[in-house]
Every structure is written in structure tokens, then in C-alpha cells.
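Note sheet for the following structure.
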Amino acid sequence: MQPETNRQPLSLYLHIPFCRHRCGYCDFNTYAGLEDLMPAYTDALIAEAEWLAAAAGERLPVHTIFLGGGTPSLLPLEAMQRLLGALHAAYDVAADAEISLEANPGTLSPEYLAGLRAAGFNRISLGVQSASPHELLVLEREHDFVDVVNSVKWARQAGFDNLNLDWIFGLPGQSLASWQRNLELAVGLAPEHLSLYALSIEHGTPFKELDGRGLLALPDGDAAAEMYELADRMLADGGFVQYEISNWAKPGADGQPRACRHNLQYWRNLPYAGLGAGAHGFLAGHRTANVLAPAAYIKRMRDAGAATAAASGLPRTPATASAEPVDARREMGETMMMGLRLVREGVSQAGFAQRFGSTLEQVYGRSITALQRRGLLETASGALRLTHQGRLLGNQVFMEFV
Ligand code: SF4
């Protein structure tokens, strides 16, 4: 079973649900035109962080903090300083904690980046998505590639030595040649980390409707697989190491890829608190989800005061909409599905047995054997992991562990 939260370092995810414009493909919990709520929302986030810390009854150790969205880089510097100050006051944030911010190129300036660095952020994740003006237009993104080049330059000048760039492939009308050009430019920017995601068409988005009317001209599955294979080759040539299905990193001083430590917490199925509107968490053996609407979130935290936090216990806060207990079987399945995404590390046989008191063989022997026969799983260095073919057919593997 999941070890108790207070015996291992925690990760904190803070959701910032504001965007200047809603992109046609996006199904995240984010809103355009609610910027007026930012000051009250920042207060509510701080109140929720403090509530959780008080509910724990002890100072929780924290080793990663991630501000995601939405567009966190729309928050003013003063709000960032207050947020990080409150987290440091309420938690034992490790001296070497990874503190990341998602940012949109076009929302950044040299002064803002210098201010973020001074406030304590040490990793920036830029939502680039594409370098092609046409593809950015299709995605309804508001920046251009010059904004990206400037953002990287300014981040370096501000002292950030850990940069991620997010890219999307399989875009409407995208050719393999265009994707190759995108990859050349991505490598040319010399980030420490690259995340490459296949475009997925989500329910309730304008893209879903366009796709339903046959208007998106999406590359077919074979073309998307070819794009993925091309990335695999080009990024390896560029000095990147793939460590997760969609993530590559350059080796750091210790020779290991500079993985996103915050996301490793998810993939290793370890505890994290999700703070903010619509944020999800995995805390004290529960999967939690907060109320979605920013105004409702603010109201809940405002109405709660601080009176009963200490008595409420983990994992609930006044913003919690649901908190489902996770039984051992579900936790094992989630550990497999997320751990197998780590293409080098995989799921440790010894680690699994220690965590759950049963071996992989005892719990999943039949499925593992079948997947090994199909060439999708392999055992290496005491861990079960996807083969090269398994990476392309990951969903078929994960289904076996649901
Ligand atoms: S900027 Fe990002 S979070 Fe905001 S709407 Fe576009 S894709 Fe979604």
C-alpha cells in the first residue's frame, strides 16, 4: 500500500486557470476573460495551501512545486512572490526543490523572468507547440516563433539552466517535412528538456466539432507514428535521452537525463497535493479533485476561514469536490500504467514487491507473459518496461492493467 504521506517528500501542483484566449484544441480547466479574479484567486490558493498544511498536523516535506495551467505566466510577479513565500512558510520545502512554472511565449519579458528567478523558480516550461506560423494559427496560439526565441534567450539571461519546451505533432495538415523542421528548431534552441505530444482531439472542444464535420485534415495513425519515430532518431542525434513516452532530456552532471522531477512523482505514483480550481491530487491514499470554477473555488476558500483546518485531516480542503479512496488493487494498476510510461526506468520488480507485499508475477503474471510474447514488454535491470514496439502501442499494454 501507499506509504503514509508524511514519511516521504510531497509534490505540490498549483493550478492557474487563466488564459488570454481559449485555444480550439484545449480541454483544460482554464478561462479567458477572468483576469479580474487573479488577486482573489491568489489569496484562495494561499489559503488552501495553508489549510492543507494545518490539516496535516506537521510540517510536510516538499521536493517539487509546479505551477501549471492555464497560463501561470499571466500572474503578476507580486502574486508569484506571495505564493512561493506562503509555501515556504507552511511547508518544509527542500533547499534543492524543483520549482517549475508553465509559461506561454508572448507573455514573458526579461524583467518578468528575472523576477521569477529571484522569487525562487528554477525551471520554466514553455508552451511552444509549433514553430510554423501556419500551424500556430491552426492551433489558435497567440505567439510566434520569434517570441519563443526571445523567451529562451531571456530565460537564460535570467539564470534559468533548466528549460522545457512543449511541442505538438500530428497537427491538421502537418507534413513529415514540417515536423522535421520543427524538430530541427527545437534541438537548435538547446533546451534541457523536450516534451512532444501527439495532438489528441478532446470532447467538448471546437476541434472535436471540426473533426466531426471532416474539416481537420489530421494525419493518419501511420503518419503520426512516422513523426514519433523521426523524433526518436533526431532527438537521440541531438543528445537527448528519452525517459518517458513523450519526454526527452539531456544528461545532467551525473550523466542521467534531467527528467522533470515533478512529473516523475506522478509516473512513480507517489503522493502530490493538487491545489486550485479543478486541481487533482493523490494524497493520503485518496484521489482528490477540486471544484472546477475559479469563482466557486474562491468562495469556498473565503467562506471556510481557518477555523477547522487542523481538525479536518488529510486529504480534504474546503475546495475538495471529491476524494475517492484508492484500494490496493487500483493502486497497483495505476502504478503499472504510469510506471510503464517511464521507458528506461519501468516498474521495478523489487520496488513493486516492497510497496505492495506481492510480486509482479503473482499479480500480473499472465498479462505480463502475454505481452512479452507479443514483443511489447521486456525485463531489464530488475524492472519491467516497454520495448521499442511497446512504446508505439502503449495503450494496448496499459489496458491490461486497468
Ligand atoms: S494557452 Fe494552453 S491552457 Fe490556455 S487555452 Fe491555450 S492550450 Fe489551453
Side-chain angles (χ1 to χ4, degrees), residues 13-38 41-42 45 66-76 79-80 100-109 112-113 116 123-148 150-152 155 163-172 174 182 186 191 193-211 216 218 246-247 260 262-263 266 274-280 289-290 292-295 297:
Y13 173 78
L14 282 77
H15 190 69
I16 311 297
F18 306 107
C19 284
R20 280 189 185 149
H21 161 83
R22 245 202 107 97
C23 308
Y25 62 99
C26 178
D27 74 334
F28 295 154
N29 184 42
T30 189
Y31 306 84
L34 292 188
E35 287 83 351
D36 288 354
L37 292 181
M38 280 185 199
Y41 187 81
T42 306
L45 266 181
F66 193 103
L67 264 70
T71 310
S73 52
L74 291 180
L75 278 192
M80 297 295 189
S100 304
L101 179 92
E102 278 183 348
N104 278 351
T107 63
L108 299 173
S109 68
Y112 187 75
L113 282 157
L116 290 175
R123 185 173 187 273
I124 299 279
S125 178
L126 278 179
V128 178
Q129 320 313 0
S130 171
S132 144
H134 173 70
E135 289 167 6
L136 287 169
L137 202 64
V138 169
L139 289 172
E140 301 178 25
R141 302 292 300 205
E142 294 198 316
H143 65 268
D144 59 26
F145 194 61
V146 174
D147 292 324
V148 175
N150 282 333
S151 298
V152 169
L163 291 184
N164 170 57
L165 307 179
D166 275 348
W167 236 274
I168 306 180
F169 63 95
L171 301 178
Q174 190 174 45
N182 271 289
H193 192 286
L194 280 167
S195 298
L196 311 180
Y197 297 105
L199 178 70
S200 77
I201 305 298
E202 306 294 344
H203 284 285
T205 61
F207 266 36
K208 182 74 183 173
E209 200 197 317
L210 288 173
D211 191 36
L216 269 193
L218 292 169
S246 305
N247 288 276
C260 173
H262 184 83
N263 287 342
Y266 301 153
L275 306 171
H280 290 243
N290 275 356
L292 285 173
Y297 173 76

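For ligands, and for the atoms within them, numbers begin at 1 and follow the listed sequence. Small disclaimer: the values here were computed from a predicted structure and weren't measured.
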Nearest neighbour in protein (non-hydrogen) for atom 6 (Fe) of ligand 1:
C23 SG, 2.3 Å

Mark the output for R141 as yes if a heavy-atom distance to ligand 1 is under 4.0 Å, and as no if none is.
yes

Is N182 reaching over with its side chain to a backbone N or O of A131, donor-acceptor style, under 3.5 angstrom?
yes

Has C19 got an N, O or S atom lying less than 2.8 Å from atom 4 (Fe) of ligand 1?
yes

With a 4.5 Å heavy-atom cut-off, do L74 and I16 have their side chains touching?
no

Decide whether the shortest distance between a heavy atom of G127 and an atom of ligand 1 is less than 4.0 Å.
no

What residue and heavy atom of the protein are closest to atom 8 (Fe) of ligand 1, and at what distance?
C26 SG, 2.3 Å

In a check of side chain to side chain contact (heavy atoms under 4.5 Å, CB included) between D27 and each of H203, K208, E202, which one passes?
E202

Atom OH of Y31: over 12 foreign heavy atoms under 6.0 Å
yes

Around atom NE2 of H21, are there more than 12 heavy atoms from other residues, nucleotides or ligands closer than 6.0 Å?
yes

Measure from the ring center of Y13 to the ring center of Y266 and say whether it is less than 6.0 Å.
no

As a quick check of understanding, evaluate side-chain contact (heavy atoms from CB on, under 4.5 Å) for C260 and N247, giving each step before the final call.
CA-CA 9 Å; C260 173; N247 288 276; over 6 Å; no

Among non-hydrogen protein atoms, atom 3 (S) of ligand 1 lies closest to G70 N, 3.4 Å

Interfacing atoms of ligand 1 (cut-off 4.0 Å, heavy-atom, Y25):
7 (S)

Taking atom 1 (S) of ligand 1 as the reference point, the nearest protein heavy atom with its distance
N104 ND2, 3.3 Å

Does the residue H21 have a heavy-atom contact with ligand 1, meaning some pair of atoms that are separated by less than 4.0 Å?
yes

Here the atoms of ligand 1 under 4.0 Å from any heavy atom belonging to R22 are 5 (S)

